[in-house]
Amino acid sequence: MNIVNYQISPLDPHAHLFEVRCTVNVPDPEGQRFRLPAWIPGSYLIREFARQFVHVRAESGGGALPIVKETKDTWRTAPSTAPVTVIAEIYAYDVSVRTAYLDQSRAYFNGPCVFLRPDGYEEESCSVDIVRPARAEFANWRVATTLPPDGAATYGFGRYRASNYDELVDHPVEMGDFVLAAFGAGGARHEIAVSGHPHADVERLSRDLARLCQWHIDLFGGARQSAAPFDRYLFQITAVGEGHGGLEHRSSTSLLCRRDELPTRGRDAINDRYLNLLGLASHEYFHAWNVKRIKPVAFAPYDLMRENYTRQLWAFEGLTSYYDDLALVRCGLIDEHRYLELLGRTITNMLRTPGRHRQSIADSSFDAWIKFYRPDENSPNSVISYYTKGSVVALALDLLLRSSSTTSLDDIMRALWKRYGQPAIGVGEDDIARLVCELSGRDMHPFFDRYVNGTDDPPLDALLAAFGIDWHVRASTGADDGGGKPAANTPPACWLGARTSADLHLQHVFAGGPCERAGLAANDVLVAIDGVRASKASIDALLADRAPGERVSVHAFRRDALIQAELELQSAPLDVCYLTLRTDASDEATALRRAWLGA
């Protein structure tokens with residue numbers, strides 16, 4: 001068997017340069033071709049990783065070997081009968097979970113953006129030597145990854161291995177002087193490596209994640225077993241001043257959070273910031289089943305060189321988004337009231353996106369490659385998030401199944417795991433709808449036609465009522481009103497029909513709203529209203545004091561030109577949702593709610 005040998009070195013942390021070597025022992029006699037992926041699983045956008053390759057050269061037989069670039073992300077060497085090594089210098093300074101980062105404080109990389117794949121060697125085993133930076137200031141650095149070691153000590157630099165290229169690039173690597181913790185769940189060892197916050201309460205985080213992870217494992221194991229689909233799992237957490245995101249992998253996840261989202265010692269309460277982190281960790285951990293192992297047929301296997309189209313991201317991201325917060329209440333980390341607040345915020349996010357009436361979540365899934373990851377000023381009017389509305393549709397599906405059949409979305413997930421995840425079979429485009437019909441004993445195609453392939457909003461008010469939960473909608477009280485709770489003060493009577501930044505730029509102008517009807521556009525800057533200089537305070541007062549139907553004169557700059565518009569105020573939309581428990585709920589409704597939330 002041929003083995004592809006890689007070596008990655010932090011060549012110059014101050015210049016943010018990695019050096020990556022790839023050696024093929026038996027190269028193609030006509031010249032060995034090397035390719036770099038264009039995207040990374042879990043983030044559905046062609047990211048052109050090759051643009052960060054600063055210099056590429058080749059060696060063979062102890063000397064230089066000519067190499068040419070054939071396409072934007074493909075290189076080919078001259079023919080050689082001796083082993084061929086390609087050496088690339090790669091710029092790495094992206095603080096995200098998708099690419100690579102290197103400075104004097106830490107190093108991080110995902111395989112797809114640094115490891116060239118030699119043609120013909122896709123299924124061959126790989127080794128990778130992870131090299132410590134040379135200077136003494138990096139003596140305390142360690143390595144956190146779930147790549148299987150091949151001589152490297154635990155958390156040590158040295159050699160690791162992978163059975164093929166797909167496995168190689170599905171284990172991100174963190175290097176630095178991070179804080180470590182560990183816990184057990186489902187018979188598997190779970191580890192946490194925190195970079196950027198040496199004083200975080202990792203013991204508290206370990207206890208909370210242990211409860212959360214065990215609940216996920218039990219969900220998929222059912223009553224018969226409770227075993228994780230991996231022997232070891234790693235949470236790589238990078239704390240920064242501003243940032244939030246995560247990316248799933250087969251036995252690890254990379255999380256980016258604000259420092260104040262991590263728990264601190266001596267504080268037992270779960271505040272909203274820490275809750276954000278727990279919800280993110282829950283989301284990515286659920287992905288260890290739903291998308292890493294239960295995956296659409298379009299991803300079985302991945303083709304990392306081009307777009308892989310599917311209309312099912314609403315299920316693989318939306319269902320995951322539904323379960324991420326649901327797991328928090330079911331495992332006992334939060335109570336019903338806190339969960340309903342989170343649910344209200346999610347619904348509010350959907351209600352504030354008029355694009356949900358233009359694009360279905362199935363179409364949103366298909367168009368992720370060109371729309372979701374490339375939002376612009378018109379996105380709220382034309383696009384819906386398959387995460388957000390996908391989670392709301394998942395909620396509606398779960399409530400409908402629980403109230404009208406003997407099954408639930410839990411049963412659907414376990415069946416997907418048993419039928420598709422464990423045997424590693426891709427889920428066909430219509431398989432989820434067919435499975436729901438089969439297990440529920442009902443024709444559920446109208447549900448999928450209206451809410452997945454169509455643009456209707458599911459009837460959450462009626463569905464929630466059957467569980468003893470009241471649905472409320474109201475107008476927003478301002479930019480900081482994310483929903484989930486009753487209004488703290490009186491909402492304004494009127495609405496401009498635009499989202500405005502602190503410096504009075506119109507960030508988004510909503511279709512059919514007062515600003516659009518008056519001829520104002522995104523990126524216009526408000527300067528005066530009724531002849532008086534505009535400010536956030538004056539706009540808030542205007543919306544609170546004026547009545548719908550009144551007209552105001554608006555001056556604004558569009559680029560460098562001053563424009564004037566006559567704007568007719570409209571009633572503020574009821575686009576903020578909050579949910580409350582009914583005090584007079586029937587025994588049947590209370591039983592349904594307890595079975596759903598596990599309270």
Side-chain angles (χ1 to χ4, degrees), residues 344-359 375-385 388-389 455 457 461 471-578:
R345 293 177 190 174
T346 299
I347 296 168
T348 296
N349 192 2
M350 182 193 76
L351 295 178
R352 288 177 171 173
T353 309
R356 72 187 190 280
H357 297 308
R358 305 293 298 275
Q359 184 188 51
D376 59 28
E377 66 279 359
N378 194 50
S379 290
N381 294 323
S382 60
V383 172
I384 186 62
S385 165
T388 302
K389 190 174 180 182
T455 59
D457 289 343
D461 51 349
W471 159 282
H472 311 270
V473 289
R474 58 173 174 79
S476 171
T477 59
D480 297 329
D481 185 357
K485 292 181 179 180
N489 45 53
T490 304
C494 299
W495 182 54
L496 288 179
R499 185 172 297 143
T500 307
S501 67
D503 59 359
L504 303 187
H505 274 77
L506 300 182
Q507 296 173 309
H508 302 290
V509 173
F510 295 105
C515 278
E516 184 189 71
R517 289 176 179 271
L520 296 170
N523 297 317
D524 289 351
V525 183
L526 301 181
V527 294
I529 297 178
D530 281 345
V532 178
R533 185 173 65 184
S535 66
K536 185 180 184 305
S538 67
I539 292 174
D540 290 344
L542 171 80
L543 298 178
D545 297 339
R546 298 292 186 94
E550 289 191 44
R551 301 181 70 86
V552 295
S553 175
V554 176
H555 284 81
F557 274 110
R558 178 169 298 168
R559 294 178 289 277
D560 59 349
L562 183 66
I563 61 174
Q564 182 179 4
E566 294 297 318
L567 185 149
E568 182 177 331
L569 298 173
Q570 291 180 2
S571 297
L574 304 180
D575 60 1
V576 176
C577 174
Y578 67 97

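Scope of the values below: all heavy atoms of this structure, side chains included, with no hydrogens, waters or symmetry mates. For reference, positions follow the sequence shown, starting with 1.
The two residues Leu504 and Ala534 come nearest to each other via the heavy atoms CD1-O, 3.4 Å. Smallest separation of non-hydrogen atoms from Leu567 and Cys515: CD1-SG, 3.8 Å. Contact detail for Leu569 and Trp495: the closest heavy-atom pair is CD2-O, 4.3 Å. The shortest non-hydrogen separation linking Pro548 to Cys494 is N-SG, 3.5 Å. Across all their heavy atoms, Pro492 and Ser476 have their closest contact at CD-O, 3.0 Å.
Remark: Asp503 engages Ser501, His505 in a side chain to side chain donor-acceptor pair (under 3.5 Å) (not counting sequence neighbours). Considering only residues two or more places apart in sequence or on other chains, Asp540 meets the salt bridge (Lys or Arg N to Asp or Glu O under 4.0 Å) condition with Lys536. For Arg474, the salt bridge (Lys or Arg N to Asp or Glu O under 4.0 Å) test picks out Asp481, with sequence neighbours left out. Residues satisfying the side chain to side chain donor-acceptor pair (under 3.5 Å) test with Asn523, not counting sequence neighbours, are none. Applying the salt bridge (Lys or Arg N to Asp or Glu O under 4.0 Å) test to Arg517 and every residue at least two apart in sequence or in another chain returns nothing. Among residues two or more places apart in sequence or in another chain, the side chain to side chain donor-acceptor pair (under 3.5 Å) test is passed with Glu550 by none. Partners of Thr455 under the side chain to side chain donor-acceptor pair (under 3.5 Å) rule, at least two apart in sequence or in another chain, do not exist in this structure. Applying the salt bridge (Lys or Arg N to Asp or Glu O under 4.0 Å) test to Asp545 and every residue at least two apart in sequence or in another chain returns nothing. In terms of the ring-ring contact (aromatic ring centres under 6.0 Å, His included) criterion, residue partners of Tyr578 (sequence neighbours excluded) are, by chain and number, His472. Evaluation of the side-chain contact (heavy atoms from CB on, under 4.5 Å) rule for Ala493 yields no partner, not counting sequence neighbours.
Note that the CG atom of Asp524 and the CZ atom of Arg559 stand 8.0 Å from one another [nearest 0.5 Å]. To the nearest 0.5 angstrom, Gln564 atom CD is 3.5 Å from His555 atom NE2. Taken from SG in Cys577 to CG in Asn349, the straight-line distance is 12.0 Å, to the nearest 0.5 Å. Rounded to the nearest 0.5 angstrom, Ile347 CD1 and Asp575 CG are separated by 13.0 Å. Rounding to the nearest 0.5 Å gives a distance of 11.5 Å between OG1 of Thr388 and CZ of Arg356.
In this structure the side chain of Thr353 never reaches within 4.5 angstrom of the side chain of Ser385, judged on heavy atoms. Put simply, the side chain of Leu496 does not reach to within 4.5 Å of the side chain of Leu506, judged on heavy atoms.
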Output, in order, the C-alpha distance, side-chain angles, deciding distance and verdict of side chain to side chain contact (heavy atoms under 4.5 Å, CB included) for Ile563 and Leu520. CA-CA 9 Å; Ile563 61 174; Leu520 296 170; 4.0 Å; yes

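Within the structure, every pair that satisfies the salt bridge (Lys or Arg N to Asp or Glu O under 4.0 Å) test and touches residues 345-355, not counting sequence neighbours, is listed here: Asp272-Arg345, Glu341-Arg345.
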Side chains of residues 377-384: which donor-acceptor partners sit under 3.5 Å, not counting sequence neighbours?
from	atom 1	to	atom 2	distance (Å)
Asn378	OD1	Asn381	ND2	3.0
Ser379	OG	Asp376	N	2.8
Ser379	OG	Asp376	O	3.3
Ser379	OG	Asp376	OD1	3.3
Asn381	OD1	Ala511	N	2.9
Asn381	ND2	Val509	O	2.8
Ser382	OG	Asn378	O	3.3

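Atom CZ of Arg551 has more than 12 heavy atoms from other residues, nucleotides or ligands within 6.0 Å. For Asp480, the CG atom sits in a loose shell: 12 or fewer heavy atoms of surrounding residues, nucleotides or ligands are nearer than 6.0 Å. For Arg533, the CZ atom is loosely surrounded, since the number of other residues' heavy atoms within 6.0 Å does not exceed 12.
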